[in-house]
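Below is one structure, written out as structure tokens, with a few remarks after it.
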Amino acid sequence: MNPAIGILGGTFDPVHYGHLRPAEETRLHLGLGELRLMPNHIPPHRPQPVASSAQRLAMLQLVLQEYPHFRVDDRELRYQRPSYTIDTLTSLRAELPHTPLCFLIGMDSLLGLPSWHRWRELTDYAHLVVSLRPGWSPQLQGELAELVREHQTSDIARLHQQLAGCIYWMANQPVALSATALRRDLAAGRSVRDRVPAAVADYIDQQRIYCHSVI
Ligand code: ATP
């Protein structure tokens with residue numbers, strides 16, 4: 001069995017410390033060798049991110065200066081079609097047949113899981129590791145509560161011994177940040193330097209990405 005890796009998918013419009021700090025805390029807590037940031041491809045019929053795919057990718061590459069154990073996995077951007085998380089995890093599993101996969105997800109995303117394509121099968125391909133996010137409490141109902149009951153564990157060793165199949169709750173330091181609030185502040189001319197890595201803040205300024213954004 002290879003060392004377990006972490007994967008954090010998102011729109012990252014822009015990437016911020018609400019993504020990065022819980023992800024790094026999780027990486028250290030679980031002893032993950034690497035953590036991959038994986039930007040989403042947004043299908044044309046959905047509201048588009050303000051930053052282009054190339055800009056979102058560039059911002060993630062800049063994060064690596066501050067987070068040397070992180071990698072950027074651009075597989076969802078490489079295909080000009082929407083990728084469902086289940087398809088992405090299937091492709092990762094095919095590439096890494098002996099590597100436990102820990103798919104990181106914030107509490108808000110976990111609560112929305114039942115709207116994801118083939119969501120009940122996600123735990124066939126990866127472990128789910130849930131981060132606390134201010135404003136979202138774990139009030140699980142119905143089939144989601146059932147999935148969590150069946151798969152949850154507090155035993156970190158299982159995340160390394162099994163390729164997939166567990167749900168683990170992080171007790172991370174909550175970070176009250178969202179990309180929506182950052183875009184709003186940037187559009188209003190307010191600095192976000194305390195909420196993103198310095199290289200990302202410089203890039204946003206140089207490219208003037210969010211200065212006229214409509215939220
Ligand atoms: P937006 O405000 O545009 O909806 P966002 O800040 O929620 O964006 P996403 O790129 O949609 O960021 O999030 C990607 C992943 O990161 C999701 O799993 C989400 O739950 C998680 N995440 C985002 N912000 C936080 C945060 N402050 N704390 C914990 N998890 C977070």
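First listed ligand is number 1; within each ligand, the first listed atom is number 1.
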For [atom], which protein heavy atom lies nearest, and how many Å away is it?
atom	result
atom 10 (O) of ligand 1	T11 N, 2.9 Å
atom 20 (O) of ligand 1	D108 OD1, 2.6 Å
atom 7 (O) of ligand 1	R133 NH1, 2.9 Å
atom 13 (O) of ligand 1	H19 NE2, 3.5 Å
atom 14 (C) of ligand 1	G9 O, 3.3 Å
atom 17 (C) of ligand 1	S109 OG, 3.3 Å
atom 28 (N) of ligand 1	G18 O, 3.4 Å
atom 1 (P) of ligand 1	T180 OG1, 3.3 Å

Would you check if L20 and E24 make a side-chain contact, meaning some heavy-atom pair closer than 4.5 Å?
-> no
Can you check whether N172 reaches R21 side chain to side chain, under 4.5 Å on heavy atoms?
-> no
Trace of the salt bridge (charged side-chain N to carboxylate O under 4.0 Å, His left out) decision for D74 with R36 = CA-CA 9 Å; D74 67 351; R36 297 190 185 191; over 6 Å; no
For atom 21 (C) of ligand 1, the option (of P134, G106, P49) bearing the nearest heavy atom = G106
Which atom pairs, donor and acceptor, lie under 3.5 Å between side-chain atoms of residues 106-117 and protein residues at least two apart or in another chain?
residue, atom, partner, partner atom, Å
D108, OD1, R133, NH1, 3.4
D108, OD2, R133, NH1, 3.0
S115, OG, G112, O, 2.8

Does a donor on one side chain sit under 3.5 Å from an acceptor on the other, for E25 and Q173?
-> no
Which of the numbered atoms in ligand 1 are below 4.0 angstrom from a heavy atom of [X]?
X	result
I105	18 (O)
R183	3 (O)
S178	2 (O), 6 (O)
G10	10 (O), 14 (C)
A179	1 (P), 2 (O), 3 (O), 5 (P), 6 (O), 8 (O)

Any chance you could measure [X], atom [atom1], to [Y], atom [atom2], to the nearest 0.5 Å?
X	Y	atom1	atom2	answer
F103	T85	CZ	OG1	4.5 Å
H19	L177	NE2	CG	9.0 Å
Y168	R158	OH	CZ	12.5 Å

Begin with the C-alpha distance, continue with both residues' side-chain angles, and end with the deciding distance and a verdict on salt bridge (charged side-chain N to carboxylate O under 4.0 Å, His left out) for R75 and D87.
-> CA-CA 11 Å; R75 74 186 58 222; D87 297 332; over 6 Å; no
Closer than 4.0 angstrom: is that true for some heavy atom of R21 and an atom of ligand 1?
-> no
Please verify whether a non-hydrogen atom of H16 lies at under 4.0 Å from ligand 1.
-> yes
Cut-off 3.5 Å, no hydrogens considered: what does the side-chain donor-acceptor table look like for residues 139-149, sequence neighbours left out?
residue, atom, partner, partner atom, Å
E143, OE1, R120, NE, 2.5
E143, OE1, R120, NH2, 2.3
E143, OE2, R120, NH2, 3.1

Ligand 1 versus L132, non-hydrogen atoms closer than 4.0 Å: side chain, backbone, both, neither?
-> backbone
So for ligand 1, is [X] a polar contact partner (N or O within less than 3.5 Å, distance only)?
X	result
P22	no
L177	yes
V175	yes

For the student: nearest non-hydrogen atoms of V50 and D13, plus distance = N-OD2, 2.8 Å
Should the heavy atoms of other residues, nucleotides or ligands under 6.0 Å from CZ of R208 be counted, would the total exceed 12?
-> no
